[in-house]
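The structure appears right after this line, and notes come after that.
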Amino acid sequence: NAGVTQTPKFRILKIGQSMTLQCAQDMNHNYMYWYRQDPGMGLKLIYYSVGAGITDKGEVPNGYNVSRSTTEDFPLRLELAAPSQTSVYFCASSPSRSGARTDTQYFGPGTRLTVL
Amino acid sequence: AQTVTQSQPEMSVQEAETVTLSCTYDTSESDYYLFWYKQPPSRQMILVIRQEAYKQQNATENRFSVNFQKAAKSFSLKISDSQLGDAAMYFCAYRNDKGTYKYIFGTGTRLKVLA
């Protein structure tokens, strides 16, 4: 059971380039999330998904796109990278609401992205 | 909209002592969950403790406990017998029990543990 995995761990982009951050979970969780964490700050929600084929915007969606074709995968796409997108990106998943002790978010290790 | 506020950007505690991290939140909902997450230098986010709003009893997990005051919308974390490994960023988070199921995070408190 690998939990939530993210690739790559580090990436440097030039302004205007595009890339996809990969996220996968093997816990059969319905809910998945993408956050960004700027230096010294908390997590801001970019996009989230409540199941395959269903996605919605979070707090800071501009400049990003997502898709959820399977339960396991939730990639985040940056189309035209800008310096303001320099951040650490976290993917997370959570099970359907149950009230059980496992009812929380499980985070991936993060991707550090620098746009120059 | 719901908000989460952590008013202490940084706290320090002597090893083996007790420290309390503060968190307040704003919501009009009655059913929700509150969480404390720990982020060590490795950046990995780790759940420390969770509290269901409908439970009056404060949650405890070994050396970690919370003081949940629903009327005051306050959710503080107490760390007893602090250890060097407790040094990290601590984030308070809120989640509705219905609706969009989104998590709202505070800006974090950096905890330093002094030997």
Side-chain angles (χ1 to χ4, degrees), chain A residues 2-6 8-10 23 25 27 29-51 54-61 66 87-113, chain B residues 1-10 21 23-25 29 31-55 59-62 64 66 88-111:
Chain A
V4 180
T5 58
Q6 290 184 240
K9 292 185 178 179
F10 305 93
C23 174
Q25 52 92 7
M27 297 173 282
H29 287 170
N30 285 330
Y31 298 91
M32 295 189 74
Y33 312 80
W34 273 107
Y35 296 93
R36 60 176 288 171
Q37 184 180 29
D38 298 331
M41 301 296 289
L43 300 175
K44 293 188 177 180
L45 183 64
I46 304 171
Y47 272 95
Y48 68 101
S49 169
V50 300
I54 306 171
T55 62
D56 205 351
K57 297 177 181 178
E59 187 182 359
V60 289
V66 294
S87 190
V88 178
Y89 291 82
F90 287 98
C91 179
S93 70
S94 63
S96 300
R97 295 159 223 189
S98 68
R101 292 177 66 85
T102 55
D103 188 4
T104 182
Q105 283 193 317
Y106 297 81
F107 285 85
T111 295
R112 182 178 294 277
L113 176 67
Chain B
Q2 294 88 8
T3 58
V4 176
T5 301
Q6 293 179 251
S7 59
Q8 305 156 316
E10 189 171 294
L21 308 184
C23 173
T24 59
Y25 58 95
E29 302 290 335
D31 295 326
Y32 51 87
Y33 289 78
L34 296 164
F35 305 82
W36 278 99
Y37 288 92
K38 171 185 178 181
Q39 186 181 42
S42 67
R43 292 203 318 250
Q44 182 69 50
M45 294 285 283
I46 304 164
L47 175 67
V48 175
I49 200 165
R50 65 196 285 272
Q51 173 79 42
E52 294 91 331
Y54 64 86
K55 288 187 176 179
T60 61
E61 288 287 345
N62 300 315
F64 299 88
V66 299
M89 283 289 287
Y90 286 82
F91 292 98
C92 178
Y94 164 100
R95 191 198 81 200
N96 276 342
D97 193 33
K98 56 185 177 181
T100 58
Y101 210 55
K102 292 189 289 187
Y103 288 68
I104 310 297
F105 285 82
T107 52
T109 296
R110 180 173 301 281
L111 178 65

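Letters A, B, ... mirror the listed sequences (proteins, then strands); counts begin at 1. When reading the values below, keep in mind they use all heavy atoms of this one structure, side chains included, and skip hydrogens, waters and symmetry mates.
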*Quick one: what part of Glu59(A) sits under 4.5 Å from any heavy atom of chain B, side chain, backbone, both or neither?*
neither

*Between Leu43(A) and chain B, which part of the residue has a heavy atom less than 4.5 Å away: side chain, backbone, both or neither?*
both

*Using non-hydrogen atoms and a 4.5 Å limit, figure out which bit of Gln6(B) sits close to chain A: side chain, backbone, both or neither.*
neither

_pair Phe107(A)-Gln39(B): side-chain heavy atoms closer than 4.5 Å_ = no

*Side-chain contact, heavy-atom cut-off 4.5 Å: Tyr33(B) with Thr104(A)?*
no

*Measure the spacing between NZ of Lys102(B) and OH of Tyr48(A) and express it to the nearest 0.5 Å.*
4.5 Å

*asked:* Applying side chain to side chain contact (heavy atoms under 4.5 Å, CB included), can you list everything that pairs with Ser49(A), at least two apart in sequence or on another chain?
replied: Thr55(A), Arg68(A), Phe74(A)

*asked:* Please give me the minimum heavy-atom distance between Thr111(A) and Arg43(B), naming the atom from each residue.
replied: N-NH2, 4.3 Å

*How about Tyr103(B) and Tyr35(A): are their ring centres within less than 6.0 Å of each other?*
no

*Using atom types as modelled and distance alone, determine if a side-chain donor or acceptor of Gln105(A) lies under 3.5 Å from a backbone N or O of Leu47(B).*
no

*asked:* Testing the basics here: between Gln37(A) and Phe91(B), what is the closest heavy-atom pair and its distance to 0.1 Å?
replied: NE2-CZ, 3.3 Å

